[in-house]
Protein chains: 2
Amino acid sequence: MIRRPDRNPGARQGRTTYDRDSLVEVAVAVFNERGYDGTGMEELARRLGISKSSIYHHVSGKEELLDLAVSRALDALFAVLDEPCGAHANATARLEHTVRRSVETLAAELPYVTLLLRVHGNSEAEQRALERRREFDHRVAELVRQAAAEGGVRGDIEPGLTSRLLFGTVNSLIEWYRPDGGLSVAALGDALTSMVFDGLRVQRP
Amino acid sequence: MIRRPDRNPGARQGRTTYDRDSLVEVAVAVFNERGYDGTGMEELARRLGISKSSIYHHVSGKEELLDLAVSRALDALFAVLDEPCGAHANATARLEHTVRRSVETLAAELPYVTLLLRVHGNSEAEQRALERRREFDHRVAELVRQAAAEGGVRGDIEPGLTSRLLFGTVNSLIEWYRPDGGLSVAALGDALTSMVFDGLRVQRP
DNA sequence: TTGCTGCCCGACCGAACATTCGGTTAGCGT
DNA sequence: ACGCTAACCGAATGTTCGGTCGGGCAGCAA
């Protein structure tokens, strides 16, 4: 429940107000707890500490809340793909970089990415989100294909299958990872990257 | 739209009826498309080809449909844990067996497991399902702990983390795998097991 | 003081929700 | 031919949904 402080410099129990971002932040938390469809505007208002109608002062409706949230997640994920990572890096290094940075982004934007990955496509906003997700997947699959072609990752598993398993593992983090727990993002990235690239079996000397 | 054939052995175009199982089968398909909370009983009735009120002849309500579905998934998953797999098998072999059989079960009961993994806990039935899921996770984590202790899998990744990454990968299959596609369950199990145990990097000789 | 703007509220609306009810139909055993 | 029952239906139940409306109140500029 993040709010801006009361504008009134006089002390006493301040009145608090929301801006769009802080409102979306709370909304996303509730959506992730009860599901988007399972959350009513009344429940949302209760958790925000304001009335239902006040929500409509900040956003046009429930669907815009969803749109703002998933767009934020998608923007962050696509930014990873567009990151430069060394001028003469091969595809395999770029893939490893993408996996690690995706884990970091997922952790940094955890509630927003969580909501994104649970979208069903019941409304226009949701279908647009699904479209962008597919675009992201295609670009990752292309990267895996290149890495396999240059011999950096195994070729006996079909590249399309590899990328699905790979990002299935990354995306599954939303089901349990909490940044405020004992596990740092760096350690998580190390463990995941190490498992998918080197395997769980005891390493040969 | 699966129905039982007309009970009348006579030729004429039979009347068709649902039993609980075939009704749940259709319901689960719709729930997975639109989400449980996003699906109305009217939409459900339309897809079943019967009226809304007729649904209540077979089940007590929407929640029982969910309960029947997720219970089926959970029963199948727990059955894997209870499978005997060789009298003198070590924990590592048992873990690999569990992973592979879980993939097979997930594929065999795909719609039911999909619904299970998307449960939020908004109702009593859902909370019971979440409880049983946690129990399943605990038993898998214990297996990983044993495998690490006997030196079968790497000890430099914490066993609790390993089991989460491992079954995160398995569970993420529901997001894209379709048994009627080109990829057989056996090939999928091979690829997944190979990735998580041996890694994606090109194998050393 | 007045008027303006940003933020908020209670009361309310039509639509959609899950569920119920009284009654109808189809097909089996007799 | 008859009666029984599983399976079904249309219409209506009360409830909850997302969203609207007119107005209240605080802070600020004039």
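The basis for the numbers below is simple: all heavy atoms, side chains too, and nothing from hydrogens, waters or symmetry mates. Every chain is numbered from 1, with letters handed out A, B, ... down the list of sequences.
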Look for any protein N or O under 3.5 Å of an N or O in nucleotides 13-18 of chain C and output each such pair with its distance, or none.
| unit_1 | atom_1 | unit_2 | atom_2 | d |
| --- | --- | --- | --- | --- |
| dA18(C) | OP1 | Thr39(B) | O | 3.1 |
| dA18(C) | OP1 | Lys62(B) | NZ | 3.0 |
| dA18(C) | OP2 | Met41(B) | N | 2.6 |

Quiz item: Taking OH from Tyr18(A) and C1' from dC8(C), how many angstroms apart are they, rounded to a whole number?
Solution: 13 Å
Self-check item: salt bridge (Lys or Arg N to Asp or Glu O under 4.0 Å) involving Glu131(B) - partner list, sequence neighbours excluded
Solution: Arg134(B)
Self-check item: Glu124(A) atom CD: more than 12 heavy-atom contacts under 6.0 Å
Solution: no
Practice problem: Measure from CG on Leu48(A) to P on dC9(C) and round the result to the nearest Å. | Solution: 10 Å
Quiz item: Phosphate oxygens OP1/OP2 of dC8(D): is one of them under 4.0 Å from a side-chain N or O of His58(B)?
Solution: yes
Quiz item: Rounded to whole angstrom units, what separation is found between the CG atom of Asp19(B) and the C1' atom of dA7(D)?
Solution: 12 Å
Self-check item: Which nucleotide in dC8(D), dC9(D), dC7(C) has an atom nearest any side-chain atom of Ser51(B)
Solution: dC9(D)
Practice problem: Would you indicate which nucleotide in dC9(D), dC9(C), dC8(D) comes nearest to any side-chain atom of Ser53(B)? | Solution: dC9(D)
Quiz prompt | Leu115(A) CG to Glu126(A) CD distance, which is reported to the nearest 0.5 Å | solution = 8.5 Å
Practice problem: Take atom CG of Leu65(A) and atom P of dG18(D), then tell me their distance rounded to the nearest Å. | Solution: 11 Å
Quiz item: Rounding to a whole Å, what distance do you find between Arg46(A):CZ and dC9(C):P?
Solution: 14 Å
Quiz item: How many Å lie between CG on Leu44(A) and C1' on dC17(D), as a whole number?
Solution: 13 Å
Quiz item: Does NZ or CZ of Lys62(A) come closer than 6.0 Å to the centre of the six-membered ring of Tyr56(A), within 45° of the ring's axis?
Solution: no
Quiz item: Please give, in whole Å, the distance from dG18(D) P to Glu43(A) CD?
Solution: 11 Å
Exercise. For atom CD of Glu150(A), decide whether the heavy atoms of other residues, nucleotides or ligands shown that lie under 6.0 angstrom number more than 12.
Key: yes
Quiz item: Are the side chains of His58(A) and Val24(A) in touch, meaning some heavy atoms are under 4.5 Å apart?
Solution: no
Exercise. Starting at atom CG of Leu23(B), determine the distance to atom P of dA7(D), rounded to an integer number of angstrom.
Key: 11 Å
Exercise. Indicate whether any N or O donor in one side chain lies under 3.5 Å from an N or O acceptor in the other, for Arg145(B) and Ser163(B).
Key: no
Quiz item: Does His57(A) place a side-chain N or O at less than 4.0 Å from the phosphate oxygens OP1/OP2 of dC7(C)?
Solution: yes
